[in-house]
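A short write-up of the structure that comes next.
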Amino acid sequence: MKNLTVNLISESVYLPKGHGVHTAFLNMIEMLKEKKVQVLINSRQKTDITHIHSIGPFALYKLLTSKPVVVSAHIVPANDFPGSLIGTKYWLGLSEDYVRFFYNRADLVLAVSPKVKADLEAMGVTVPIEVMPNQVDTNLFYPDKSKREAARKMLGFKDGDFVSLSVGQIMPRKGLATFLKVASQLPEIKFLWVGSRPFKRLTATENETEKSLEDAPGNFRLFDAGKLPYEDMPSLYNAADIFFFPSHQENFAIVVIEAAATRLPLLLRDLPVYKIFQGRYIAGSEEKFAENIKRLKEDKDYYSKWSKLAISLAKKFNFDSLGDKLIQYYISLEKQSSRCNLVIIKSSWSKNK
């Protein structure tokens, strides 16, 4: 196999961190390096493949001046922007027009889930679309007793504390209000939310969420991970006993796989996008969240079952499982591009002759 050179593009490098697009970008860098692919980051050089993760001005420049181009579709405006950013009713339509234009200039679009692929097709994206889930580095995220002890000490949890964790930005879409409601129903359990507002004043707010934070119960703790290096995140997962993620909308939710890799039973809102996880999680409803958390705390066999299912889920999204698949997409595109260039050269030669 030819040694590929891939230019990975993401403006998230220069913007606030603490969101899934940047995490997916970091993981892809490491996965390709592990697979011995030469990786450049936000380079102006010509490479075999240009792979874009963001949709800003530099990404647009690379999209229009590179060949062949792969775009990872992390964003579907109608899914992601309402409940995340302010004023969406005024500019959502324009954002959909731009994103449609952007994706349709790619040679291949990689959707992070089957649902995202269907949403893109419904939105009018007509170029080839394949499903390529986000990846998690299971050499970084894994159960670690020493990390657990250190993180729990840092967070102020005692040995006997049962900790329910969620990781996400502080915005209505992520379900923080629900998380706090459940915490108030289970005072014997600790509830830890790890997240921040990376986009600050641009982040959507909701009176219910803000009021819930003001009235948060004593068993709730908010940990701002905005400035925490990504490689330190496994310690926070290890500090917990379960992963309770009541988000109202997701395109993939890479944090779920990070939690699964650290063997945490997964309690998620019942969303269609999670079909890709093949039932290796507890599908909760608003009424059942507290009941399921309590059972996970008290029933060791029930806990063990969902813990084992979580770790088996993580294996499906590790670098070994997905790295070769991504490289095959690259090779196929490069071959197509080479054939097209050969046809153009032959055509030009025939005319000159």
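For this chain, numbers begin at 1 and follow the sequence in order. FYI, side chains are in, hydrogens and waters are out, and symmetry mates aren't considered; it's all heavy atoms of this structure.
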inquiry  = Between R152 and D241, does any NZ, NE, NH1 or NH2 come within less than 4.0 Å of an OD or OE carboxylate oxygen?
reply    = yes
key: Residues which pass side-chain contact (heavy atoms from CB on, under 4.5 Å) with L228, listed by chain and number, not counting sequence neighbours   = F223, A225, D232, M233, L236
key: Closest heavy-atom pair and its distance - F245, V167   = CE1-O, 3.3 Å
message = Let me check something: do I55 and V127 share a hydrophobic cluster, defined by ILVMFWY side-chain heavy atoms less than 4.5 Å apart, either directly or through other members?
response = yes
message = Applying a strict under-4.5 Å side-chain criterion to I, L, V, M, F, W and Y, I'd like to know whether L64 and V109 cluster together.
response = yes
ask   = Taking atom CD of E188 as the centre, does the number of heavy atoms from other residues, nucleotides or ligands within less than 6.0 Å exceed 12?
value = yes
inquiry  = Do F252 and I257 make a side-chain contact, defined as non-hydrogen atoms from C-beta onward lying under 4.5 Å apart?
reply    = yes
task = Spell out, as yes or no, whether a donor-acceptor pair under 3.5 Å connects the side chain of D107 to the backbone of V70.
result = no
key: Any side-chain heavy-atom pair of L120 and K117 under 4.5 Å   = no
message = Please tell me whether E250 and S247 have a donor and an acceptor in their side chains that are separated by less than 3.5 angstrom.
response = yes
request  = Identify, with sequence neighbours excluded, every residue that meets salt bridge (charged side-chain N to carboxylate O under 4.0 Å, His left out) alongside D215.
outcome  = K211
query = Where the side chain of T262 meets the backbone of A259, is there a donor-acceptor pair that is under 3.5 Å apart?
reply = yes
Closest non-hydrogen atom pair, S54 against F102 = O-CZ, 3.4 Å
message = So L268 and V256, do their side chains get closer than 4.5 Å, heavy atoms only?
response = yes
message = Quick check against the 3.5 Å criterion: does Y330 have a side-chain atom that pairs as donor or acceptor with the backbone of V6?
response = no
inquiry  = Would a single hydrophobic cluster contain both Y329 and L40, if residues Ile, Leu, Val, Met, Phe, Trp and Tyr are joined by side-chain heavy-atom contacts under 4.5 Å?
reply    = no
query = Under the 3.5 angstrom rule, does the side chain of N238 hit a backbone N or O of S146 as a donor-acceptor pair?
reply = no
remark   = Those residues at least two apart in sequence (or on a different chain) that pass side-chain hydrogen bond (donor to acceptor under 3.5 Å, both in side chains) with S166 are none
request  = Might you work through the salt bridge (charged side-chain N to carboxylate O under 4.0 Å, His left out) test for K305 and D301, ending with a clear yes or no?
outcome  = CA-CA 6 Å; K305 169 190 172 181; D301 290 338; over 6 Å; no
inquiry  = Restricting to side-chain contact (heavy atoms from CB on, under 4.5 Å), what partner residues turn up for E291, sequence neighbours left out?
reply    = K288
ask   = Which distance, rounded to the nearest 0.5 Å, do you find between the CD of Q328 and the CG of L326?
value = 10.0 Å
note = Note: P246 and G175 closest approach over all heavy atoms is CG-O, 3.3 Å
query = Which heavy atom of S72 sits nearest a heavy atom of H51, and at what distance?
reply = OG-NE2, 2.8 Å
ask   = With a 4.5 Å limit on heavy-atom distance, are the side chains of L32 and F319 in contact?
value = no
message = Looking at L4, is its backbone amide N or carbonyl O close enough to the side chain of D48 to form a donor-acceptor pair, meaning the two atoms are under 3.5 Å apart?
response = no
message = Within the structure provided, determine whether T126 and N104 are in side-chain contact (heavy-atom separation under 4.5 Å).
response = yes
ask   = Got F244 and L266 here, is their nearest side-chain heavy-atom distance under 4.5 Å?
value = no
query = Can you list every side-chain hydrogen bond (donor to acceptor under 3.5 Å, both in side chains) pair that touches residues 154-165, not counting sequence neighbours?
reply = none
ask   = Just by distance, with hydrogens left out, do H22 and Y230 show a side-chain donor and acceptor under 3.5 Å apart?
value = no
ask   = Just by distance, with hydrogens left out, do H53 and S12 show a side-chain donor and acceptor under 3.5 Å apart?
value = no
key: Short side-chain donor-acceptor distance under 3.5 Å, Y237 and D144   = no
ask   = Taking it one step at a time, do L222 and F220 satisfy side chain to side chain contact (heavy atoms under 4.5 Å, CB included)?
value = CA-CA 7 Å; L222 176 64; F220 168 79; 3.9 Å; yes
inquiry  = As an exercise, state the distance from OG1 of T23 to CD of Q135, rounded to the nearest 0.5 Å.
reply    = 11.5 Å
message = Could you check whether any side-chain N or O of R100 sits under 3.5 Å from a backbone N or O of V125, counting only pairs where one atom can act as donor and the other as acceptor?
response = no
ask   = Same cluster or not: are I327 and V131 linked, directly or through other Ile, Leu, Val, Met, Phe, Trp or Tyr residues, by side-chain heavy atoms under 4.5 angstrom apart?
value = no
ask   = Just wondering, do N42 and F58 contact through their side chains at under 4.5 Å, heavy atoms?
value = yes
request  = Could you grab the distance from atom CD of Q336 to atom NZ of K67, nearest 0.5 Å is fine?
outcome  = 10.0 Å
request  = Spell out, as yes or no, whether a donor-acceptor pair under 3.5 Å connects the side chain of S184 to the backbone of K181.
outcome  = yes
NZ (K147) with more than 12 external heavy atoms under 6.0 Å = yes
request  = Report yes or no: does T50 contribute a side-chain atom to a donor-acceptor pair with the main-chain N or O of K62 at less than 3.5 Å?
outcome  = no
key: Reported CD-to-OG distance for the pair E130 and S332, which is rounded to 0.5 angstrom   = 9.0 Å
key: Any donor-acceptor N or O pair under 3.5 Å, side chains S312, R280   = yes
key: side chain to side chain contact (heavy atoms under 4.5 Å, CB included) assessment of F317 paired with F277   = CA-CA 10 Å; F317 298 95; F277 298 155; 4.1 Å; yes
message = Which residues pass the salt bridge (charged side-chain N to carboxylate O under 4.0 Å, His left out) test with D320, not counting sequence neighbours?
response = K35
Residue pair Y142 / I311, side-chain heavy-atom distance below 4.5 Å = no
task = Could you please spell out the steps behind the side chain to side chain contact (heavy atoms under 4.5 Å, CB included) verdict for E286 and T178?
result = CA-CA 8 Å; E286 202 78 26; T178 298; 3.1 Å; yes
ask   = For P68 and I49, which heavy atoms make the closest approach, and how far apart are they?
value = CG-CD1, 3.6 Å
inquiry  = Quick check for you: to the nearest 0.5 Å, what is the distance between L267 atom CG and L165 atom CG?
reply    = 12.0 Å
request  = Would you check, one step at a time, whether the test side chain to side chain contact (heavy atoms under 4.5 Å, CB included) holds for F101 with L60?
outcome  = CA-CA 10 Å; F101 165 84; L60 179 62; 4.0 Å; yes
inquiry  = Please report the interatomic distance CD(Q169) to NZ(K174), rounded to the nearest 0.5 Å.
reply    = 6.5 Å
message = Looking at K325, I want to see if its NZ is surrounded by more than 12 non-hydrogen atoms of other residues, nucleotides or ligands under 6.0 Å.
response = yes
Heavy-atom donor-acceptor pair, N318 side chain to T138 backbone, under 3.5 Å = no
remark   = For N134 and A24 the tightest heavy-atom approach is OD1-CB, 3.5 Å
query = Does the side chain of S235 pick up a donor-acceptor pair with the side chain of R148 at under 3.5 Å?
reply = no
inquiry  = Quick check: W306 with Y281 (ring centres under 6.0 Å apart)?
reply    = no
